[in-house]
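A short write-up of the structure that comes next.
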There are 2 protein chains.
Amino acid sequence: MSEALSTADPAPQYLRVKNHLREGISSGRWVAGDLLPSESDLVSLFKVSRMTVNRALRELYQDGLIQRMQGVGTFVADLHRISSTLTVRDLAEEVQARGRKHELRVHLLETVAATAEQAGDFGLRAGDKLFHSVVVHFENGKSIQCEDRLVNPATAPEYLDVDFQQTTPTQYLLKVAPLSEARYTIEALLPSDLEAKLLCISKREPCLVVKRRTFSRGVAVTSVKLSHPGSTYLLEGGFQA
Amino acid sequence: MSEALSTADPAPQYLRVKNHLREGISSGRWVAGDLLPSESDLVSLFKVSRMTVNRALRELYQDGLIQRMQGVGTFVADLHRISSTLTVRDLAEEVQARGRKHELRVHLLETVAATAEQAGDFGLRAGDKLFHSVVVHFENGKSIQCEDRLVNPATAPEYLDVDFQQTTPTQYLLKVAPLSEARYTIEALLPSDLEAKLLCISKREPCLVVKRRTFSRGVAVTSVKLSHPGSTYLLEGGFQA
DNA sequence: TAGTGGTCTAGACCACAAA
DNA sequence: TTGTGGTCTAGACCACTAG
């Protein structure tokens with residue numbers, strides 16, 4: 001018995017090549033800096049075309065496992081880093097995906113005059129109009145996020161009239177202003193007085209805070225501070241060589 | 001004048017296709033759920049081979065911008081998420097890359113008997129030997145990370161003899177046990193008494209805490225808790241459609 | 001000059017889904 | 001049955017690096 005009992009999935013050829021190299025790297029057979037077999041070596045080894053080998057190697061490069069240099073060769077990359085994809089999804093979706101009940105309470109919804117700094121973030125002038133909302137998200141009745149948001153009226157003029165029981169601010173903004181770019185930071189902070197009150201936590205309980213600015217077609221759409229009680233919220237991730 | 005003044009970089013064909021679609025998506029010409037042109041449409045449009053079109057589409061899929069269904073078509077993905085690569089590098093490298101001075105102080109280096117829970121993490125039995133280290137990292141003389149680590153002696157028998165002034169624990173472990181898998185969480189916590197003392201911060205200052213377990217060839221190598229003062233440390237990231 | 005990777009083609013066969 | 005995407009081939013030309 002050597003292969004494919006019954007109609008077992010006949011793994012694509014490029015995956016055979018890719019897995020062979022990946023296993024060699026994660027098993028330590030090749031270590032950081034080692035020269036790997038060339039494309040033509042792999043062509044002979046696996047009896048496949050060069051395009052197929054090339055796809056395997058390109059994907060390993062995109063995964064950060066190898067480095068390639070034209071005219072020189074393919075090498076095992078330094079794995080002195082753990083990279084993985086951090087995904088920040090719409091919170092309502094995330095909660096529902098866990099099979100829990102998502103609720104949202106609007107605490108504030110208003111128009112404000114931009115400070116100089118805020119105006120700068122949005123490419124507007126100080127004193128220009130901005131929308132401001134503060135809403136709290138609940139999972140099975142427990143507060144999990146305080147969302148303090150500024151919105152550029154130019155990209156979402158109807159923002160103040162949205163029914164946030166039907167559509168979360170994130171969902172609405174993604175709909176009216178297709179996401180093209182985002183920048184975020186993650187830090188640990190103590191809650192403000194208001195955040196502590198809205199989240200029903202102690203002012204001494206640390207919060208995981210995500211600050212995010214998003215852009216659509218190069219224009220700033222919204223700037224948001226998402227505060228999560230540290231005791232109930234964490235980000236998870238993984239990585240596989 | 002229609003093309004290539006002088007020897008301007010002749011962008012690869014697959015990038016022309018990829019950029020055309022990406023710009024259409026981020027400009028809102030196509031929005032989430034829309035059907036995109038088929039591979040054969042793009043072949044005629046750009047006068048290139050199907051393999052070239054296919055590469056462009058495959059990369060857009062890997063970037064999370066489109067969804068593809070065999071027999072159906074290619075659609076704009078829901079961008080109800082912001083994904084980006086979170087990279088956790090060796091701290092010494094990171095500090096040096098910023099042009100700062102990295103220092104490290106070893107606070108503890110010992111052998112301990114595994115508790116039942118720790119043993120489980122490492123696939124050992126309660127009471128088995130584990131190495132334990134607590135070191136503090138400094139950037140330009142300022143404490144930035146407290147690293148509390150357990151190490152599996154089977155994968156790094158010489159751990160206790162390493163000179164951590166020369167090689168950080170992370171660097172050493174990556175060298176002796178090639179990284180094959182990692183799992184981490186990120187949360188906001190108050191420091192323990194020891195952490196507060198070692199980091200020279202108040203016991204009320206929130207910390208950004210990364211807990212990470214890494215594996216090599218399927219065997220648990222190390223389990224570490226990295227605590228960073230919230231006031232000086234944050235994770236940054238970005239995303240571009 | 002020889003060997004490497006980067007890109008591209010014009011076909012091909014297949015699995016799959018919808019009409 | 002038609003059109004879709006998923007994979008693969010056997011060539012090709014090029015730019016780059018090293019000896």
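Every chain is numbered from 1 and lettered A, B, ... according to where its sequence line falls, protein lines coming before strand lines. Computation of the quantities below employed the complete heavy-atom set of this structure, encompassing side-chain atoms and omitting hydrogens, waters and symmetry-equivalent molecules.
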Task: Bounds of contact between DNA chain C and chain A, in 5' to 3' order, using a heavy-atom cut-off under 4.0 Å - done: C:dG3 to C:dT9
Task: Pair A:Arg213 + A:Glu181, salt bridge at N-O below 4.0 Å - done: no
Open item on the list: Please tell me whether B:Ser38 and B:Ser40 have a donor and an acceptor in their side chains that are separated by less than 3.5 angstrom.
Closed with: yes
Open item on the list: Please encode protein proximity along nucleotides 14-19 of chain D as a string of B, S and -, counting only heavy-atom distances under 4.0 Å.
Closed with: -BBB--
Task: Strand contacts (DNA chain C) in residues 49-56 of chain B, 4.0 angstrom heavy-atom criterion - done: B:Ser49, B:Arg50, B:Met51, B:Thr52, B:Arg55
Task: Residues B:Asp63 and B:Lys18 bridged, charged N to O under 4.0 Å - done: yes
Task: Short side-chain to backbone donor-acceptor contact, B:Thr52 and B:Val48, under 3.5 Å - done: no
Task: Secondary-structure string, 5' to 3', Watson-Crick or G-U under 3.5 Å, | for another-strand partners, for DNA chain D - done: ||||||||||||||||||.
Task: Test: B:Glu139 and B:Arg98 ion pair at under 4.0 Å - done: yes
Task: Set of ring-ring contact (aromatic ring centres under 6.0 Å, His included) partners for B:Phe46, sequence neighbours left out - done: B:His20
Task: Exercise: do A:Arg149 and A:Ser133 side chains pair donor with acceptor under 3.5 Å - done: no
Task: Residue pairs fulfilling ring pair (Phe, Tyr, Trp, His ring centres under 6.0 Å) with at least one residue in residues 141-168 of chain A, sequence neighbours excluded - done: A:Tyr159-A:Phe164
Task: Polar side chain donor-acceptor pair, B:His137 to B:Glu103, under 3.5 angstrom - done: no
Open item on the list: Looking only at side-chain N and O atoms, does A:Arg68 offer a donor or acceptor that is under 3.5 Å from a partner on A:Thr74?
Closed with: yes
Task: Donor-acceptor pair, side chain of B:Glu147 and main chain of B:Val136, under 3.5 angstrom - done: no
Open item on the list: Can a side-chain donor-acceptor contact be found between B:Tyr184 and B:Arg212 if the only test is distance below 3.5 angstrom?
Closed with: no
